[in-house]
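To keep things clear, I will list the structure first and then write my remarks on it.
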Protein chains: 2
Amino acid sequence: MTGKNERYQEILAAARNVFAEKGFDDTKVSEIAQMAGVAKGTFYIYFPSKLDLVLALVREMQGKILSEAEKVTNLNVDHFEKLVQVIKIAFIVIESYRDVFPIFNAVSAFKTDQWKVEKEIRIPYYNVLKTLIENGQKSGEFNRKLNAEMTAVLIVGMVEHVAHDCFIYHSDYCIDDYLHTIDSLLRKALKGR
Amino acid sequence: MTGKNERYQEILAAARNVFAEKGFDDTKVSEIAQMAGVAKGTFYIYFPSKLDLVLALVREMQGKILSEAEKVTNLNVDHFEKLVQVIKIAFIVIESYRDVFPIFNAVSAFKTDQWKVEKEIRIPYYNVLKTLIENGQKSGEFNRKLNAEMTAVLIVGMVEHVAHDCFIYHSDYCIDDYLHTIDSLLRKALKGR
DNA sequence: TATAAAAGACTGACAGTCAGTCATATAAGT
DNA sequence: ACTTATATGACTGACTGTCAGTCTTTTATA
């Protein structure tokens, strides 16, 4: 059981190394297998396809974001501070997955119905943000006029695009610069009377 | 000369039909060629690769957004109104290119250095937004504390993610719902004292 | 000895190539 | 002017190389 899970993890780790170097499309399954020290056939015992391996990595990334975010929501600070921390967590985890993150954005281009998988993976994080905003609204800390669900989508858009700008485009600005700008922008938008 | 350009356009149009139906990865070059009524070899006279065809379509889309946006920047309305209109234009054009838009986001996953191309295509739109924000700041209409360039990146993130939510995820919300939310969010963030 | 894991040779599909065809345009010969 | 030769380049589709995914065989384990 442990042995089997080790192989699985070895292949995941090897895949991340090759993706980091070559990107998704130029990475051959045989290379991943070689780097993991197994034969190509073994790869297919653990993963039904190359795309499924990527989805496993993306789910792993989202899982880490969620578990870290849940810790924050239990902290004893105001709702705005929680929101900023949840955004910061996303940046930190995405940075540690900078090799798989660009592929996440690409998933819906591969097969026509993959957008369902992509959406399903994003929904829990949307919900964390949505609940946080709703709670802030109920407590009177946040402006009640904004739709919490749509605002959550807007925030995810900002977060992912900033991650793209910093980790893929190698922007002049770093994550902390952006965090500061997001903080002032959202502070006015959510707490403004 | 015209004839050559016609073939080029025919292949672009055919490609969009097939992409709309099957997505990028499941579309075969031979299908695009067949739909355009030419042989596969002819495709490669006009486009060096399948990916280059997509980039041509994406550049076409960005070109339309830019030319429409430039009209708006010359209008005689306040800066905030211009900003909202430029955002609305992006939505309208992206909607008419909903078949190629998901592929745009995927470009950087294909080859490791494609992010340069992706960035180069986005820069002009970033600049339109940046200039608009800077002008608003100079005139005293917008809060001077926000960094115009980073704010432009944040807005593009919101716009593209919303487009994704509406045109690919088939969200419960429509573009007009989101436009309204973006309007109130940015109004407070930019015009708030 | 049976059962599961691992191996890698094999297959099919498809992106991209290339040697050659064909229609049209231009020049030459009558 | 009018036929015939020459050149051009758009167009073709059979062909090649590559690689994802399969399948049969081999090896380890219980």
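Note on naming: letters A, B, ... go to the chains in the order of the sequence lines (proteins, then strands), and numbering restarts at 1 for each one. Values reported hereafter were calculated over all heavy atoms of this structure, with side chains retained and with hydrogens, waters and symmetry mates removed.
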### Task
List the steps and the verdict of side chain to side chain donor-acceptor pair (under 3.5 Å) for B:Glu118 and B:Ser108.
CA-CA 7 Å; B:Glu118 203 187 311; B:Ser108 54; 3.0 Å; yes
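- Comparing C:dC14, D:dA20, C:dA7 against the side chain of A:Lys28 picks out D:dA20 as the nearest.
- For the pair B:Glu141 (side chain) and B:Phe80 (backbone), a donor-acceptor distance under 3.5 Å is present.
- Remark: aromatic rings of A:His164 and B:Trp115 are distant, center separation not under 6.0 Å.
- As rounded to whole Å, 18 Å separates atom P of C:dG16 from atom OH of B:Tyr46.
- One finds no salt bridge joining B:Glu31 and B:Lys40 here, because no Lys/Arg side-chain nitrogen approaches an Asp/Glu carboxylate oxygen to under 4.0 Å.
- A:Thr131 contributes a side-chain N or O that, together with a main-chain N or O of A:Asn127, makes up a donor-acceptor pair within less than 3.5 Å.
- Rounded to an integer number of Å, the gap from CD1 of B:Ile32 to P of C:dC14 is 13 Å.
- Straight-line distance from the CZ atom of B:Phe47 to the P atom of C:dT17: 15 Å, rounded to whole Å.
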With B for base contact, S for sugar-phosphate-only contact and - for none (protein heavy atoms under 4.0 Å), nucleotides 21-30 of chain D reads BB--------
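- A:Phe24 places its CZ atom 14 Å from the P atom of D:dC19, with the value rounded to the nearest Å.
- The phosphate of D:dT12 (OP1 or OP2) has a side-chain N or O of B:Thr42 nearer than 4.0 angstrom.
- The CD1-C1' distance, from B:Ile45 to D:dT8, rounds to 13 Å in whole Å.
- In this model, a donor atom of one side chain and an acceptor atom of the other lie less than 3.5 Å apart for A:Gln85 and A:Glu81.
- The aromatic rings of B:Phe142 and B:His79 lie perpendicular to each other, with more than 60° between the two planes, well past the 30° mark.
- We find that B:Glu160 and B:Arg122 are joined by a salt bridge, their nearest charged nitrogen and carboxylate oxygen being less than 4.0 Å apart.
- B:Gln34 has its CD atom 13 Å from the P atom of C:dC14, to the nearest Å.
- The existence of a salt bridge linking A:Glu21 and A:Arg16 is excluded, since no basic side-chain nitrogen approaches an acidic carboxylate oxygen closer than 4.0 Å.
- At its two ends the helix from C:dT1-D:dA30 to C:dT30-D:dA1 runs along axes set 10° apart, each axis drawn from five pairs and the angle rounded to 10°.
- Phosphate proximity of D:dA10 to B:Arg7: absent, as no side-chain N or O sits under 4.0 Å from OP1 or OP2.
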